Amino acid sequence: MKLQKIFAEFLGTALLLLAVIGSGIMATNLTKDEGIQLTINAISIVSMLYLIITLFGPISGAHFNPVVTLGELFKNRIDAKSAGAYIVAQFAGGFCGTVFANLIFNKPAIFQSQHERTGTNLFISEIFATAGLVMVIHLLIDQKRTNLAPFIVPAWITTAFYATSSFVFANPAVTVGRIFSDSFAGIAPECVLKFIAAQILGAFIGLGLTKVLTNDK
């Protein structure tokens with residue numbers, strides 16, 4: 001596998017976490033209104049998604065998400081070695097993006113989040129958000145309309161931001177990266193495994209929905 005593909009996954013995920021964490025810190029600096037904070041965070045994230053999918057999609061396929069990579073592996077569109085390299089790059093990029101966001105806002109490079117996100121509703125929310133994301137991506141691929149991904153994927157994320165209770169993490173690399181910033185966008189370490197379990201379950205549901213919608217039989 002070309003190193004450019006792996007680096008694109010690393011850099012894209014790092015930029016995504018920079019948007020997640022940086023805009024979260026900026027939002028709390030600007031206002032105490034949680035609705036406005038959420039909107040600032042959402043605008044930054046979906047704008048960054050548009051940029052990185054557009055620019056890096058032709059290089060690596062623009063996964064930036066371990067469950068997306070696992071879905072591609074499940075569908076035999078990527079080999080196991082490449083999938084492993086992608087996933088390592090995504091987690092490394094998420095960590096580095098978080099650290100950089102902390103530094104540019106004059107925070108400690110690593111400071112563990114204390115933001116507890118618990119409850120059955122959040123678990124169900126993450127299943128739904130991830131299932132929808134995976135379904136959207138695979139329907140675009142199966143319909144040969146991946147040129148629309150820079151618009152459709154951010155559209156789903158924007159909708160899920162305001163329609164779910166978990167603020168649509170839907171990405172294990174993003175979830176782990178958020179551990180290392182005690183900010184509006186952070187998540188306490190003890191909550192992470194449940195979020196990732198929900199995301200993996202949601203990914204399989206998304207693949208199943210895609211199969212139902214695209215299987216002639």
Side-chain angles (χ1 to χ4, degrees), residues 1-24 39-75 77-78 82-83 85-98 100-101 126 128-164 167-178 185 199 202-203 206-207 209-210 214:
M1 167 169 280
K2 291 183 178 179
L3 288 177
Q4 288 94 330
K5 292 185 177 183
I6 298 171
F7 183 65
E9 286 296 304
F10 168 84
L11 182 58
T13 313
L15 290 171
L16 178 58
L17 264 296
L18 173 64
V20 171
I21 301 300
S23 65
T39 299
I40 292 170
N41 198 221
I43 290 171
S44 178
I45 292 169
V46 298
S47 298
M48 183 61 80
L49 278 171
Y50 172 80
L51 289 170
I52 61 179
I53 293 171
T54 300
L55 294 175
F56 299 148
I59 301 172
S60 69
H63 295 193
F64 314 129
N65 186 334
V67 297
V68 172
T69 300
L70 289 174
E72 291 296 283
L73 177 63
F74 186 78
K75 300 274 277 190
R77 290 195 283 247
I78 189 173
S82 298
Y86 267 35
I87 290 171
V88 170
Q90 290 155 4
F91 277 105
F95 174 77
C96 291
T98 299
F100 188 65
E126 277 299 287
F128 170 73
T130 311
L133 175 63
V134 170
M135 181 188 71
V136 163
I137 291 169
H138 284 277
L139 285 177
L140 287 173
I141 294 171
D142 289 342
Q143 295 170 5
K144 302 187 187 326
R145 296 199 293 171
T146 53
N147 61 303
L148 296 177
F151 306 98
I152 301 301
V153 172
W156 172 259
I157 296 299
T158 302
T159 300
F161 246 105
Y162 295 99
T164 67
F167 302 133
V168 64
F169 282 41
N171 183 330
V174 167
T175 305
V176 171
R178 291 186 187 212
Q199 291 156 7
L207 288 169
L209 291 171
T210 306
T214 57

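Keep in mind that this is a model prediction, so the values were computed, not measured. Note that these values count all heavy atoms, side chains included, but never hydrogens, waters or copies made by symmetry.
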Interatomic spacing from OG1 in Thr13 to CG in Asn171 - rounded to 0.5 Å: 7.0 Å
Heavy-atom count around Tyr50 OH within 6.0 Å, excluding the residue itself: above 12? no
By the definition side-chain contact (heavy atoms from CB on, under 4.5 Å), identify the one residue from Val68, Ile53, Leu148 that meets it with Val153. Ile53
So does Ile87 get a backbone contact from the side chain of Glu9, meaning a donor-acceptor N/O pair under 3.5 Å? no
Sidechain-backbone polar pair: Asn41 side chain, Val20 backbone, donor-acceptor under 3.5 Å: yes
Quick check for you: to the nearest 0.5 Å, what is the distance between Leu139 atom CG and Met135 atom CE? 5.5 Å
Using modelled atom types and a 3.5 Å cut-off, is there a donor and acceptor pairing between side-chain atoms of Asn65 and backbone atoms of Ala170? yes
Rounded at 0.5 Å granularity, tell me how far NZ in Lys5 sits from OG in Ser82. 7.0 Å
At what distance, to the nearest 0.5 angstrom, does CG of Leu18 lie from CD1 of Ile45? 11.0 Å
Are any side-chain N or O atoms of Ser44 and backbone N or O atoms of Ile40, one a donor and one an acceptor, separated by less than 3.5 Å? no
Please confirm whether Trp156 and Phe128 have ring centers closer than 6.0 angstrom. yes
Within this structure, what is the CG-CG distance for the pair Leu16 and Leu51, rounded to the nearest 0.5 Å? 11.0 Å
